[in-house]
Amino acid sequence: MMAAQVNFVEENKNFPIEIELKGEALWFTKKAAIELKDQLQSAIDLMLEHEAMSNKDGA
């Protein structure tokens, strides 16, 4: 099961990115969607770095 469904809705010029999460739709502008992507990537990078450090310490 996917955590979220992400769609590009061409007809919606103001908020073309839709993210459906737990049955709720969230709409984003292009700029906001790119900022969200960057923040998500930063959080994922930190998580992976933390996991790598934890695995290294436990070895």
Side-chain angles (χ1 to χ4, degrees):
M1 183 168 140
M2 286 183 21
Q5 177 71 35
V6 181
N7 301 305
F8 167 64
V9 182
E10 186 176 1
E11 297 80 22
N12 193 339
K13 302 293 184 203
N14 293 327
F15 299 94
I17 303 297
E18 175 196 31
I19 299 176
E20 189 174 323
L21 183 64
K22 294 185 177 182
E24 295 289 328
L26 305 170
W27 295 88
F28 294 86
T29 63
K30 176 183 172 181
K31 181 180 178 188
I34 291 169
E35 289 174 3
L36 179 62
K37 175 192 66 93
D38 292 345
Q39 290 178 10
L40 183 58
Q41 187 61 58
S42 293
I44 291 169
D45 292 344
L46 285 172
M47 176 187 67
L48 294 175
E49 182 180 320
H50 183 313
E51 287 178 352
M53 296 283 271
S54 295
N55 290 339
K56 181 179 167 189
D57 291 343

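- In this structure, Leu46 is not a member of the same hydrophobic cluster as Ile44, with clusters built from ILVMFWY side-chain heavy atoms closer than 4.5 Å.
- Residues Phe15 and Val9 share a hydrophobic cluster, clusters being chains of Ile/Leu/Val/Met/Phe/Trp/Tyr side chains in contact below 4.5 Å.
- Counting non-hydrogen atoms of neighbouring residues, nucleotides and ligands closer than 6.0 angstrom, the CD atom of Glu24 reaches no more than 12 such neighbours.
- Applying the side chain to side chain donor-acceptor pair (under 3.5 Å) definition to pairs two or more places apart or across chains, those involving residues 7-22 are Gln5-Asn7, Asn7-Glu18.
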Please tabulate, one pair per line, all N/O donor-acceptor pairs under 3.5 Å involving side-chain atoms of residues 25-41, not counting sequence neighbours.
residue: Thr29; atom: OG1; partner: Ala32; partner atom: N; Å: 3.0
residue: Gln41; atom: NE2; partner: Asp45; partner atom: OD1; Å: 2.8

